[in-house]
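One structure is given below, encoded as C-alpha coordinates.
Just so you know, residue 1 is the first one in the sequence shown, and it goes up from there.
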Amino acid sequence: QWTIENVKLNQQIFDAKNDLETANSPIAKKRAKNKIEVLELQKENKIKKLNEGFDRLTEKDLIKYGQNLDEIEASNVKIG
(Lines give C-alpha, C1' and ligand atoms only; values in the text may rest on other atoms or scores of the structure.)
Protein backbone atom coordinates (compact mmCIF):
# COMPACT_ATOMS: atom_id res chain seq x y z
CA GLN A 1 0.00 0.00 0.00
CA TRP A 2 2.84 2.40 0.83
CA THR A 3 4.34 1.81 -2.60
CA ILE A 4 1.04 2.54 -4.33
CA GLU A 5 0.64 5.80 -2.42
CA ASN A 6 4.22 6.75 -3.21
CA VAL A 7 3.71 6.10 -6.91
CA LYS A 8 0.56 8.24 -6.86
CA LEU A 9 2.42 11.09 -5.15
CA ASN A 10 5.26 10.85 -7.66
CA GLN A 11 2.74 10.99 -10.50
CA GLN A 12 1.09 14.05 -8.97
CA ILE A 13 4.49 15.74 -8.62
CA PHE A 14 5.31 14.89 -12.23
CA ASP A 15 1.96 16.29 -13.40
CA ALA A 16 2.42 19.47 -11.33
CA LYS A 17 5.88 20.00 -12.82
CA ASN A 18 4.39 19.65 -16.30
CA ASP A 19 1.71 22.16 -15.32
CA LEU A 20 4.47 24.54 -14.20
CA GLU A 21 6.26 24.21 -17.53
CA THR A 22 3.11 24.85 -19.52
CA ALA A 23 1.67 27.59 -17.31
CA ASN A 24 1.07 30.82 -19.19
CA SER A 25 0.33 33.22 -16.37
CA PRO A 26 2.31 34.10 -13.24
CA ILE A 27 -0.64 33.03 -11.09
CA ALA A 28 -0.77 29.59 -12.72
CA LYS A 29 2.99 29.22 -12.26
CA LYS A 30 2.74 30.18 -8.59
CA ARG A 31 -0.09 27.68 -8.03
CA ALA A 32 1.92 24.92 -9.69
CA LYS A 33 5.01 25.75 -7.60
CA ASN A 34 2.94 25.69 -4.41
CA LYS A 35 1.37 22.38 -5.39
CA ILE A 36 4.81 20.88 -6.05
CA GLU A 37 6.07 22.08 -2.67
CA VAL A 38 3.07 20.61 -0.85
CA LEU A 39 3.33 17.28 -2.65
CA GLU A 40 7.06 17.02 -2.01
CA LEU A 41 6.48 17.73 1.69
CA GLN A 42 3.82 15.03 1.77
CA LYS A 43 6.26 12.61 0.16
CA GLU A 44 9.01 13.47 2.64
CA ASN A 45 6.59 13.01 5.55
CA LYS A 46 5.49 9.60 4.27
CA ILE A 47 9.12 8.48 3.97
CA LYS A 48 9.90 9.81 7.44
CA LYS A 49 6.86 8.02 8.90
CA LEU A 50 7.88 4.76 7.23
CA ASN A 51 11.43 5.03 8.56
CA GLU A 52 10.16 5.81 12.06
CA GLY A 53 8.06 2.66 11.91
CA PHE A 54 11.13 0.55 11.22
CA ASP A 55 13.13 2.37 13.90
CA ARG A 56 10.62 1.20 16.51
CA LEU A 57 10.97 -2.49 15.59
CA THR A 58 13.10 -4.76 17.74
CA GLU A 59 15.91 -6.79 16.20
CA LYS A 60 13.70 -9.89 16.48
CA ASP A 61 10.89 -8.12 14.62
CA LEU A 62 13.27 -6.95 11.90
CA ILE A 63 14.59 -10.49 11.43
CA LYS A 64 11.04 -11.85 11.17
CA TYR A 65 10.17 -9.10 8.68
CA GLY A 66 13.23 -10.01 6.60
CA GLN A 67 12.31 -13.69 6.68
CA ASN A 68 8.80 -12.86 5.50
CA LEU A 69 10.25 -10.84 2.61
CA ASP A 70 12.53 -13.76 1.74
CA GLU A 71 9.52 -16.11 1.63
CA ILE A 72 7.62 -13.69 -0.59
CA GLU A 73 10.62 -13.35 -2.90
CA ALA A 74 11.02 -17.14 -3.10
CA SER A 75 7.33 -17.47 -3.98
CA ASN A 76 7.61 -14.83 -6.69
CA VAL A 77 10.57 -16.60 -8.27
CA LYS A 78 8.62 -19.85 -8.50
CA ILE A 79 5.63 -18.10 -10.08
CA GLY A 80 7.58 -15.82 -12.39
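Of the options Leu9, Asn45, Ile13, a side chain to side chain contact (heavy atoms under 4.5 Å, CB included) to Glu40 is made by Ile13 and by none of the others.
Within a 6.0 Å sphere centred on CD1 of Ile4, other residues, nucleotides and ligands contribute 12 heavy atoms or fewer. No more than 12 heavy atoms of other residues, nucleotides or ligands shown are found within 6.0 angstrom of CD on Glu59. By the neighbour-count criterion of 12 heavy atoms within 6.0 Å, atom CD1 of Ile27 is sparsely surrounded, having that number or fewer from other residues, nucleotides or ligands.
Nearest approach of Ala32 to Ala16, heavy atoms of both residues: CB-O, 3.9 Å.
When the ring pair (Phe, Tyr, Trp, His ring centres under 6.0 Å) test is applied to Tyr65, the partners found at least two apart in sequence or on another chain are Phe54. Under the rule for a side-chain contact (heavy atoms from CB on, under 4.5 Å), the partners of Asp61 that lie at least two apart in sequence or sit in another chain are Leu57, Thr58.
Two residues are said to be in side-chain contact when any heavy atoms from C-beta on lie closer than 4.5 Å; Asn6 and Lys46 fail this criterion. Phe14 has its side chain out of reach of Lys17: every pair of non-hydrogen atoms, C-beta onward, lies at least 4.5 Å apart. The shortest distance between side-chain heavy atoms of Asn18 and Thr22 does not fall below 4.5 Å.
Side-chain contact annotation: Lys43 with Asn10, donor-acceptor N/O pair under 3.5 Å present.
Rounded to the nearest 0.5 Å, atoms CG (Leu39) and CG (Asp15) are 9.5 Å apart. Ile63 contributes atom CD1, which lies 12.0 Å from atom CG of Asn68 (distance to the nearest 0.5 angstrom). Here the straight-line distance linking atom OG1 of Thr3 with atom CG of Leu50 works out to 8.5 Å at 0.5 Å rounding.
Leu41 and Ile47 end up in different hydrophobic clusters when Ile, Leu, Val, Met, Phe, Trp and Tyr side chains are linked at under 4.5 Å.
Evaluation of the salt bridge (charged side-chain N to carboxylate O under 4.0 Å, His left out) test over residues 24-39, restricted to residues two or more places apart or in two chains, returns none.
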